[in-house]
Colleague: 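I have a structure I would like to understand better, so I am pasting it below and will then ask my questions one at a time.
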Amino acid sequence: MTQILCSPTKYIQGHGEIRKLADYCLQLGVKRAFAIIDPYILSMYKEDILHSFEMNDIPLMMRELKGECSRNQVDEIVLELGLEDVEVVLGIGGGKTLDTAKAVSHMEDLPVVIVPTVASTDAPCSALSVLYTDEGDFDCYLPLKRNPEMVIADIDIIAKAPARLLAAGMGDALSTYYEARACRESGAVTHAGGTGTIAAFSLARACLDTLLAGGESALLDVKQGITSSAVEHIVEANIYLSGVGFESGGLAAAHAIHNGLTLHEGCRNVLHGEKVAFATIVQLVLEKASEDEIAQVIAFCKKVGLPVTLKELGITSSEIDKLMVVAEASCSQDSPMKNMPFEVQSVDVLEAILATDERGH
């Protein structure tokens with residue numbers, strides 16, 4: 001089987017990067033730019049962004065993202081772009097803003113520069129957009145032609161986001177190594193289109209090591225408004241190490257179970273990475289991993305405030321019928337559960353969920 005690794009062409013992380021965006025766009029040789037920007041970020045950093053492009057004599061069109069990352073929204077922006085001579089699309093904000101920018105660039109076959117302002121998921125580096133309906137329900141995954149040309153992470157902005165978002169990003173990143181390990185054992189084909197590489201697996205391992213070494217410290221620093229080296233390391237782990245690690249290392253039970261949990265109404269207010277963290281423990285239980293390994297992951301989750309029980313997810317353990325729906329959905333035909341190195345049945349998932357809940361208590 002062919003091995004494939006994909007990643008953004010360039011990953012940039014530092015302080016005050018929001019004021020250097022035009023400098024980086026110049027490296028792409030562009031003369032006119034279009035930015036899709038989160039409303040809050042636009043209200044706070046509009047002048048910094050504009051000044052950067054004015055200093056470099058690059059005309060910049062800015063559009064505030066209103067509503068969902070939906071097909072209608074993307075089509076509307078594509079029509080708008082068709083009237084302009086734009087050479088690069090920028091996405092500046094959270095997940096839906098970034099996914100909208102990636103989808104628009106894909107439709108217009110333009111390079112895209114991604115500027116995440118939170119480190120709550122590992123999506124910024126990927127060649128994938130998640131589309132929703134205009135009402136906010138999940139629509140589909142949109143595979144893209146290529147990864148972003150640049151991903152630019154401004155530590156100063158990311159560190160000001162609520163600490164819960166950084167913790168959720170750690171929850172998403174926590175699964176990366178364990179899912180890559182499962183895919184390596186099964187020989188699964190990853191989102192990159194081939195089996196995982198040594199490099200992808202090494203990044204996934206580095207992601208886990210970074211979380212365990214500095215996750216708790218980084219969270220405390222963010223709560224105190226400190227942009228420490230620990231915060232920098234966790235931002236890199238959440239965005240880049242996990243981003244390349246999941247796309248080229250592969251997904252397995254943790255994200256399959258997460259997808260099932262999205263069907264439970266009790267989880268409506270639970271963040272993506274929070275559900276993934278609990279599901280990671282479930283995967284380890286399914287694998288019959290060592291007691292030390294399971295205990296280490298549970299201890300880490302407790303330290304950074306990630307859920308380890310059903311109650312913390314908004315679910316009561318007595319809701320067996322609803323939990324069975326979760327388990328069945330996690331084993332659906334197109335689920336990454338198929339990437340596990342052994343066959344998993346829905347009843348196995350249900351038992352593992354209940355066992356995880358018991359351990360969490």
Side-chain angles (χ1 to χ4, degrees), residues 4-14 17-18 21 24-25 27-28 36 38 69 88-106 110-131 141-155 157-158 161 165-166 168-177 179-180 183 190-194 196-197 199-208 210-211 232-251 254-255 272-273 276 336:
I4 300 177
L5 173 76
C6 61
S7 68
T9 304
K10 185 174 287 189
Y11 177 78
I12 300 162
Q13 178 177 304
E17 300 300 330
I18 197 77
L21 296 183
Y24 295 127
C25 286
Q27 295 177 17
L28 299 174
I36 302 168
D38 172 87
C69 174
V88 65
V89 176
L90 292 93
I92 310 172
K96 291 183 180 181
T97 304
L98 305 184
D99 276 355
T100 301
K102 287 196 285 185
V104 168
S105 73
H106 171 78
L110 290 170
V112 65
V113 173
I114 292 298
V115 187
T117 56
V118 293
S120 58
T121 74
D122 52 19
C125 293
S126 70
L128 187 73
S129 281
V130 182
L131 298 182
Y141 293 111
L142 176 67
L144 310 177
K145 299 182 184 79
R146 54 182 177 268
N147 296 76
E149 270 61 38
M150 293 184 183
V151 174
I152 303 170
D154 189 323
I155 295 294
I157 296 176
I158 292 172
L165 296 178
L166 187 71
M170 286 191 262
D172 199 16
L174 181 64
S175 71
T176 306
Y177 168 72
E179 291 188 285
C183 290
T190 73
H191 280 280
T197 65
F201 190 69
S202 297
L203 289 174
R205 181 71 233 193
C207 181
L208 178 63
T210 302
L211 294 177
E232 294 175 352
H233 294 162
I234 293 303
V235 168
E236 182 180 350
N238 287 6
I239 295 175
Y240 184 78
L241 297 178
S242 182
V244 178
F246 101 77
E247 190 169 30
S248 296
L251 298 178
H255 272 79
H272 170 82
V276 172

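These numbers were taken from a predicted model, which means no experiment stands behind them. For the numbers below, each heavy atom of this structure counts, side chains included, while hydrogens, waters and symmetry mates do not.
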Colleague: Is a donor from one side chain sitting under 3.5 angstrom from an acceptor on the other, for Asp172 and His255?
Modeller: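 Yes.
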Colleague: State which residues pass side chain to side chain contact (heavy atoms under 4.5 Å, CB included) with Leu98; sequence neighbours excluded, sorted by chain then number.
Modeller: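 Per chain and number, Leu98 pairs via side chain to side chain contact (heavy atoms under 4.5 Å, CB included) with Ile114, Pro116, Pro124.
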Colleague: Apply side chain to side chain contact (heavy atoms under 4.5 Å, CB included) to the pair Glu236 and Thr210, showing each step before the final yes or no.
Modeller: CA-CA 9 Å; Glu236 182 180 350; Thr210 302; over 6 Å; no
Colleague: Check whether Asp122 reaches the backbone of Ala173 with its side chain - one donor and one acceptor, N or O, closer than 3.5 Å.
Modeller: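 Side chain of Asp122 to backbone of Ala173, a donor-acceptor pair under 3.5 Å: no, none is there.
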Colleague: State whether the side chain of Glu149 and the backbone N or O of Thr9 hold a donor-acceptor pair below 3.5 Å, judged by distance alone.
Modeller: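 No; judged by distance alone, with no hydrogens or angles, the pair does not exist.
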Colleague: Does Thr117 use its side chain to pair, donor to acceptor, with the backbone of Ile157 at less than 3.5 Å?
Modeller: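 No.
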Colleague: Does a donor on one side chain sit under 3.5 Å from an acceptor on the other, for Glu179 and Tyr177?
Modeller: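 Glu179 vs Tyr177: no donor-acceptor pair found between side chains.
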Colleague: Any side-chain donor paired with an acceptor under 3.5 Å for Glu17 and Tyr24?
Modeller: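 On atom types as modelled, these side chains qualify, holding a pair under 3.5 Å.
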Colleague: What is the minimum heavy-atom distance between Ile239 and Ala153, and which atoms define it?
Modeller: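 For Ile239 and Ala153, the tightest heavy-atom pair comes out as CD1-CB, 4.3 Å.
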Colleague: If the condition is side chain to side chain contact (heavy atoms under 4.5 Å, CB included), which residues does Ala206 pass it with, not counting sequence neighbours?
Modeller: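 Here the qualifying residues are Leu241.
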Colleague: For Ala101 and Val112, work out which heavy atoms get closest and say how close.
Modeller: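 Residues Ala101 and Val112, closest heavy atoms: O-CG2, 3.9 Å.
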Colleague: Using the rule given for side chain to side chain contact (heavy atoms under 4.5 Å, CB included), can you reason through Ile12 versus Val151, listing the C-alpha separation, both sets of side-chain angles and the distance that settles it, and then say yes or no?
Modeller: CA-CA 6 Å; Ile12 300 162; Val151 174; over 6 Å; no
Colleague: Using the side chain to side chain contact (heavy atoms under 4.5 Å, CB included) rule, pick out the option among Asn147, Ile4, Thr190 that qualifies with Glu247.
Modeller: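 Only one of Asn147, Ile4, Thr190 forms a side chain to side chain contact (heavy atoms under 4.5 Å, CB included) with Glu247, namely Asn147.
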Colleague: Can you find a side-chain donor-acceptor pair between Asp154 and Gln13 that sits under 3.5 Å?
Modeller: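 Absent: no donor and acceptor within the cut-off.
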Colleague: Is there a side chain to side chain contact (heavy atoms under 4.5 Å, CB included) between Ile92 and Leu21? Walk through the geometry before answering.
Modeller: CA-CA 10 Å; Ile92 310 172; Leu21 296 183; 3.8 Å; yes
Colleague: Between Gln27 and Lys10, is a side chain to side chain contact (heavy atoms under 4.5 Å, CB included) present by the stated rule, with each step listed?
Modeller: CA-CA 11 Å; Gln27 295 177 17; Lys10 185 174 287 189; 2.9 Å; yes
Colleague: Checking the side chain of His272 only, and the main-chain atoms of Ala168 only, is there a donor and an acceptor separated by less than 3.5 Å?
Modeller: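 Checked: no pair found.
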Colleague: Using atom types as modelled and distance alone, determine if a side-chain donor or acceptor of Asp38 lies under 3.5 Å from a backbone N or O of Gly94.
Modeller: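 Answer holds: no.
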Colleague: So, the side chain of Ser129 versus the backbone of Asp99: is there a donor-acceptor pair under 3.5 Å, distance only?
Modeller: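 Side chain of Ser129 to backbone of Asp99: a pair is present.
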Colleague: Leu203 and side chain to side chain contact (heavy atoms under 4.5 Å, CB included): which single residue from Val244, Thr197, Thr176 fits?
Modeller: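 For Leu203, the side chain to side chain contact (heavy atoms under 4.5 Å, CB included) check succeeds only for Val244.
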Colleague: Checking Lys102 side chain against Ser126 main chain: does a donor-acceptor pair fall under 3.5 Å?
Modeller: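 Indeed, once roles are kept as given, a pair shorter than 3.5 Å links the two residues.
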